[in-house]
Amino acid sequence: MSDRAAVPFDPSSAEKAGQDWIDAMRAGEFERAWRINDRDLARLRRSGVDKHSGPRHMQRIWRGEELGGRHVLVRCYHGLGDTIQFIRFMPALRAVAREVTVWCQPALLPLLATAEGIDRAIPLHDGVPDVEFDVDIEIMEVPHAIRARQGQIALQRPYLSLPPGGAEFQRSRSGRVAVGLVWEVGAWDKRREIPVAALRRLSGSSTVLYSLQLGPGAAMAESIGARDISTADICLLARRIAQLDLVVCVDTMLAHLAGALGLEVWVLLHADCDWRWPAHGERSIWYPTARLFRQSRPGDWTSVIEEVRNALDQRNGASVAASPDRVVDGLGASISSREGNRR
């Protein structure tokens with residue numbers, strides 16, 4: 001902490017810095033984003049604000065402390081999708097740290113326990129962490145702290161792997177392409193949500209729909225002809241989506257899970273989408289297996305679904321032409337096929 005006198009923290013300055021950072025990240029100008037973070041961090045240190053005060057998702061934890069040769073505690077204070085997206089930086093962090101402990105959401109523990117760069121993962125709770133450490137950092141602050149380069153962000157291979165175990169559903173043997181769907185989101189930013197009835201357009205003679213939707217929306221699966229295979233168990237969810245051919249979802253945790261596992265995912269975005277997705281184009285630097293479909297006008301999902309339907313028809317036609325007997329029986333064969341395609 002600086003020995004300068006504490007000064008009031010200016011929220012308007014923080015808000016402008018935050019918007020500048022969003023613009024830089026959206027544009028993929030990462031070094032500019034880290035310079036903005038440097039400026040914001042200097043202001044924060046001068047303010048004297050305690051780093052563990054206020055709502056957790058608003059806390060700034062890392063204050064520029066040295067990470068090299070130290071035991072680093074990584075706090076996962078945001079959503080499940082944020083943790084999955086930013087866990088990619090753990091190998092780079094571990095390359096400089098003596099030890100890395102990830103204090104993460106309990107639902108993610110089995111998935112992260114074997115992730116590269118993590119010495120141990122422990123369950124997040126409302127108290128203090130159950131481990132001694134030298135320095136702590138929030139997981140979304142890690143790329144700034146390590147000055148992440150584009151190559152550490154644009155990974156060309158999966159950075160999470162499927163946990164052991166089998167899937168507990170039998171996919172259709174009809175030869176149709178198996179598509180998993182999620183259309184509702186949590187309370188944050190309902191603009192991401194799609195009326196379930198619109199997804200009925202994705203049902204066709206060459207597709208079979210599976211619902212991965214949790215919460216109240218799960219009851220609507222039957223209305224669009226989708227079979228419900230949803231589960232709150234993230235490891236089981238990972239195994240189930242690996243058994244499908246494609247995931248089509250709104251901007252939610254499932255998009256990050258599929259992308260981190262290297263599975264094909266189509267992400268449906270509203271007109272003013274979150275900073276982690278580019279403002280234009282179909283591809284994301286974060287996930288090479290993701291394809292983006294976006295609103296051209298705020299609130300207009302009809303044209304988005306029509307675009308997805310056309311892309312699905314093209315994809316399905318190409319798949320059938322290439323391999324009419326492509327349906328595999330069971331998760332093991334499905335994964336073997338995917339791994340072979342990646343080599």
Side-chain angles (χ1 to χ4, degrees), residues 21 24-25 27-42 44-45 51 59-105 108-124 129-163 238 256-257 259-262 275-276 284-290 339 342-343:
W21 182 86
M25 291 295 286
E29 298 173 0
F30 301 113
E31 186 51 46
R32 179 163 72 93
W34 313 148
R35 290 196 299 271
I36 293 166
N37 282 147
D38 290 340
R39 180 187 66 192
D40 191 26
L41 187 61
L44 191 60
R45 283 198 299 258
K51 69 181 190 175
Q59 289 179 18
R60 295 291 301 274
I61 303 298
W62 186 65
R63 300 301 172 90
E65 299 96 331
E66 178 61 44
L67 304 180
R70 309 184 77 184
H71 180 184
V72 181
L73 175 73
V74 180
R75 299 172 181 258
C76 302
Y77 280 173
H78 290 77
L80 295 173
D82 298 306
T83 298
I84 292 170
Q85 181 180 9
F86 281 78
I87 210 73
R88 75 185 63 213
F89 298 111
M90 295 305 100
L93 175 60
R94 184 62 179 83
V96 297
R98 184 182 80 252
E99 186 176 352
V100 171
T101 294
V102 175
W103 196 28
C104 68
Q105 299 91 336
L108 293 178
L109 279 173
L111 194 63
L112 302 189
T114 59
E116 185 180 355
I118 299 175
D119 293 291
R120 91 180 107 169
I122 59 176
L124 182 68
D130 307 312
V131 64
E132 297 292 329
F133 58 91
D134 299 321
V135 60
D136 56 347
I137 188 169
E138 210 285 322
I139 192 167
M140 295 181 71
E141 297 172 328
V142 171
H144 171 218
I146 64 172
R147 315 296 293 199
R149 303 179 302 279
Q150 182 162 320
Q152 294 167 315
I153 294 169
L155 301 180
Q156 296 304 308
R157 60 180 178 82
Y159 59 89
L160 290 180
S161 57
L162 287 173
H256 299 283
L257 179 62
L261 292 168
W275 61 264
R276 67 201 75 214
S284 164
I285 191 173
W286 296 90
Y287 301 112
T289 58
E339 292 299 328
R342 289 182 196 136
R343 294 190 184 103

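Scope of the values below: all heavy atoms of this structure, side chains included, with no hydrogens, waters or symmetry mates. Treat the numbers as computed from the prediction; the structure is a model and nothing was measured.
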Anything under 3.5 Å between a donor and an acceptor, one on a side chain of residues 90-97, the other on a protein residue two or more places apart or in another chain? List them.
| from | atom 1 | to | atom 2 | distance (Å) |
| --- | --- | --- | --- | --- |
| R94 | NE | D119 | OD1 | 3.3 |
| R94 | NE | D119 | OD2 | 2.7 |
| R94 | NH1 | A97 | O | 2.9 |
| R94 | NH1 | R98 | O | 3.3 |
| R94 | NH2 | R98 | O | 3.1 |

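A238 and L162 get closest at one heavy-atom pair: O-CD2, 3.4 Å. The heavy-atom pair separating L124 from C76 by the smallest distance is CD2-O, 3.2 Å. For the residue pair C104 and L112, the shortest heavy atom distance occurs at SG-CD1, 3.9 Å. Closest heavy-atom contact between V100 and V74: CG1-CG2, 4.1 Å. When every heavy atom of R276 is checked against every heavy atom of M140, the shortest pair comes out as NH2-CE, 4.4 Å.
Between E141 and K51 no salt bridge is recorded (no basic side-chain N to carboxylate O distance below 4.0 Å). A salt bridge does not link E31 with R149: none of the charged nitrogens is closer than 4.0 Å to a carboxylate oxygen.
In this structure, the side chain of Q85 does not engage the main chain of A260 through any donor-acceptor pair within 3.5 Å. A donor-acceptor distance shorter than 3.5 angstrom exists from the side chain of R45 to the backbone of R63, with no hydrogens or angles considered.
Residues V142 and F86 fail the side-chain proximity criterion, which asks for heavy atoms closer than 4.5 Å. Side-chain atoms of I153 and W286, non-hydrogen and from C-beta on, do get closer than 4.5 Å to each other. Side chains of Q152 and P143 form no contact here, defined as non-hydrogen atoms less than 4.5 Å apart. Counting heavy atoms from C-beta outward, D82 and I139 have side chains that stay 4.5 Å or more apart. Side-chain contact check for L41 versus W62: some heavy-atom pair is nearer than 4.5 Å. V135 has its side chain out of reach of E66: every pair of non-hydrogen atoms, C-beta onward, lies at least 4.5 Å apart. Using a 4.5 Å cut-off on side-chain heavy atoms (C-beta onward), F89 and I146 make contact. Put simply, the side chain of H256 reaches to within 4.5 Å of the side chain of Y287, judged on heavy atoms.
Considering only residues two or more places apart in sequence or on other chains, Q59 meets the side-chain contact (heavy atoms from CB on, under 4.5 Å) condition with H52, R56, I61, Y77.
Using the six-membered ring where Trp is involved, F30 and W34 have ring planes that are parallel, under 30° apart on the 30 and 60° scheme.
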